2 protein chains.
Amino acid sequence: MIEALVEVWSVGSNQSIPVRPRSHAHLHLLVEGWLVRSQTLSDGGRQITDIVLPGDLCGWAAAEFQGTGEDIRACGPTRIAVLRKDVVIERDLFAVWRSWERARDVEARILRSRLVSLGRRNARARTAHLVAELYHRLRRVGLADSGSFRCPLTQGQIADVLGVSPVHINRVLQELRREGLIAFNKQQVMIPDLARLHVAASFDEGLDDVGVEAFCSLI
Amino acid sequence: MIEALVEVWSVGSNQSIPVRPRSHAHLHLLVEGWLVRSQTLSDGGRQITDIVLPGDLCGWAAAEFQGTGEDIRACGPTRIAVLRKDVVIERDLFAVWRSWERARDVEARILRSRLVSLGRRNARARTAHLVAELYHRLRRVGLADSGSFRCPLTQGQIADVLGVSPVHINRVLQELRREGLIAFNKQQVMIPDLARLHVAASFDEGLDDVGVEAFCSLI
DNA sequence: CGTTAGCTTGAGGCCTATCAATCATAGTGG
DNA sequence: CCACTATGATTGATAGGCCTCAAGCTAACG
């Protein structure tokens, strides 16, 4: 692992990840904190397309998001390990490489899953689905226990993920709390009854519980 | 090219692509016709997540869509070339392999682009954006000329792509025609003024005009 | 202690869904 | 050749989910 490691970035809260030359030659392993990747339209609307969690492996083509309204930003203090792609391929880091290949499949599955949410679920089900997704992904890397996890997203950011207004997200969260499905308070999410949450979200475990290989062991 | 070719499927109109054993070991090149990949929810709602156009390269993990509401279906008569992944890698088909790698990036870009649409655009802009996307993708493979192309999708399918009801898509299409932005009649789409369509769609050419390498030359 | 970011609440209105019916077109079989 | 059927497109009416604007609230922070 060490031989491929170029450096470790420490990114402050709410800071944007700078695009660097040669970043297309690197893989990035999120060690700590969350990242959101978003796209801003000309009319000011913003849509978050990816939520990167600890243990996630991702590659950013440098030219891909320059001056096009794309942005990758940290939610809270974050550490990112930068790995050289070529070394990962050549050395005995085959496991990492295969995990990278797999990560792209997982990425596509999450994107499709969220596409279904935005297209066919109302705000309540979308919110429930997002929380369920985050819970399952975090559990795989040991960051969610007994129906509870820490979520650094603001309500405004959740709105930008789900394609609704911040005002409406606020009301939906209150409704879900009244129903005893989700309690979201001070960056802490609690799920009293996962099965009921799945029902509210039409969460399909076979389809939506995407398999992310845990890479915390490598960190 | 020939040595990697396993077979060519001819799929009839509105037929589902059957999942076969070992299909994860194959790449699929759409030679003729369109494909839609959709996901059906437990409540009956359907969301189309991918539109596969001639020249597109795609791989389908077999187990990925079994009994989970996923479906890949032909819109009209279709021919699909099946290639062996391993042969593609080993032989001098490196160009194909790189194109496959690239196709996955393109796929992710399209998914994100559509996510932005569903999250942050109204039905009118979504429709305009979809038409612009299809036009640019088809033009790369020589299937769109002078602001016009053939589109085998029904209004119902367009609705399932854009996450709106068929009734509403019908009204939006009429509105766009009245505005002189899109004329859609008998599977033929005409774009009188591409620049105005881009404005209506907040289409960002740098971001949304995804680069798909044309593979028609290989067919 | 003023400032700021984020959360909360209310009111009004638009966009879009839903239900229901009609129309157009093509294919089918008697 | 003509019902008969099926699929898709069209139109109208009603309802509801969600947005927008606007204001007040809270907590953290320099």
Side-chain angles (χ1 to χ4, degrees), chain A residues 12-15 36 41 43-48 73-77 117-130 151-179 182-189 200, chain B residues 12-15 34 36 41 43-48 73-77 117-130 150-179 182-189 200:
Chain A
S13 184
N14 206 29
Q15 275 196 314
V36 292
L41 273 69
D43 67 1
R46 194 180 60 157
Q47 178 66 39
I48 291 177
R73 188 170 296 269
C75 316
S117 258
L118 294 205
R120 291 300 167 200
R121 283 189 254 257
N122 61 19
R124 176 175 170 274
R126 280 183 219 181
T127 308
H129 192 276
L130 175 66
C151 170
L153 299 178
T154 67
Q155 289 188 11
Q157 285 173 318
I158 295 175
D160 283 341
V161 173
L162 300 180
V164 296
S165 71
V167 172
H168 195 56
I169 274 294
N170 181 276
R171 293 192 237 259
V172 167
L173 285 174
Q174 290 178 54
E175 182 189 336
L176 289 172
R177 143 164 284 173
R178 273 196 305 275
E179 297 182 61
I182 300 169
F184 184 18
N185 206 3
K186 290 187 189 294
Q187 300 202 337
Q188 200 68 25
V189 174
Chain B
S13 184
N14 206 30
Q15 274 196 315
W34 292 26
V36 292
L41 273 70
D43 66 3
R46 194 180 61 156
Q47 178 66 39
I48 291 177
R73 188 170 297 269
C75 315
S117 258
L118 295 206
R120 291 299 165 201
R121 283 190 255 256
N122 61 19
R124 176 175 170 274
R126 280 183 219 180
T127 309
H129 192 275
L130 175 66
R150 196 181 146 280
C151 170
L153 299 178
T154 67
Q155 289 188 10
Q157 285 173 319
I158 295 175
D160 283 341
V161 173
L162 300 180
V164 296
S165 71
V167 172
H168 195 56
I169 273 294
N170 181 276
R171 291 192 237 261
V172 167
L173 285 174
Q174 290 179 54
E175 182 189 336
L176 289 172
R177 143 165 286 174
R178 272 196 304 277
E179 297 182 60
I182 301 169
F184 184 18
N185 206 3
K186 290 188 188 296
Q187 300 202 338
Q188 200 67 27
V189 175

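This structure is a prediction, so every number in the text was calculated from the model and none was measured. Lettering follows sequence order; numbering is per chain, from 1.
Whole-Å rounding puts the B:Asn170 CG to C:dC23 P distance at 16 Å. At whole-Å resolution of the value, CD in B:Gln47 and P in C:dA17 are 12 Å apart. Rounded to a whole Å, the CG atom of A:Asn185 is 16 Å from the P atom of C:dG6. What separates CZ of B:Arg121 from C1' of D:dC19 is a distance of 18 Å, to the nearest Å. Distance A:Asn14 CG to C:dA5 P: 10 Å, rounded to the nearest Å. Rounded to whole Å, the distance from CD on B:Gln187 to P on C:dA24 is 20 Å. B:Gln155 has its CD atom 14 Å from the C1' atom of C:dC23, to the nearest Å. For B:Leu153 and D:dG8, the CG to P distance is 12 Å, given to the nearest whole Å.
Nearest to the side-chain atoms of A:Val167 among the listed nucleotides D:dC21, D:dA9, C:dT16 stands D:dC21. Of the listed nucleotides (C:dC19, D:dG8, C:dT16), C:dT16 has the atom at the smallest distance from the side chain of B:Ala123.
Side-chain atoms of A:Arg171 stay outside donor-acceptor range of the base of D:dG17, with no qualifying N/O pair under 3.5 Å.
Between A:Gln174 and A:Arg120, the residue anchored closer to the 5' end of DNA chain C is A:Gln174, taking for each the nucleotide with the nearest heavy atom. If you find the closest nucleotide of DNA chain D to A:Arg124 and to A:Lys186, the one lying nearer the 5' end belongs to A:Arg124.
Contact annotation for B:Gly163: backbone-only contact, meaning every heavy-atom pair under 4.0 Å involves sugar-phosphate atoms and none involves a base.
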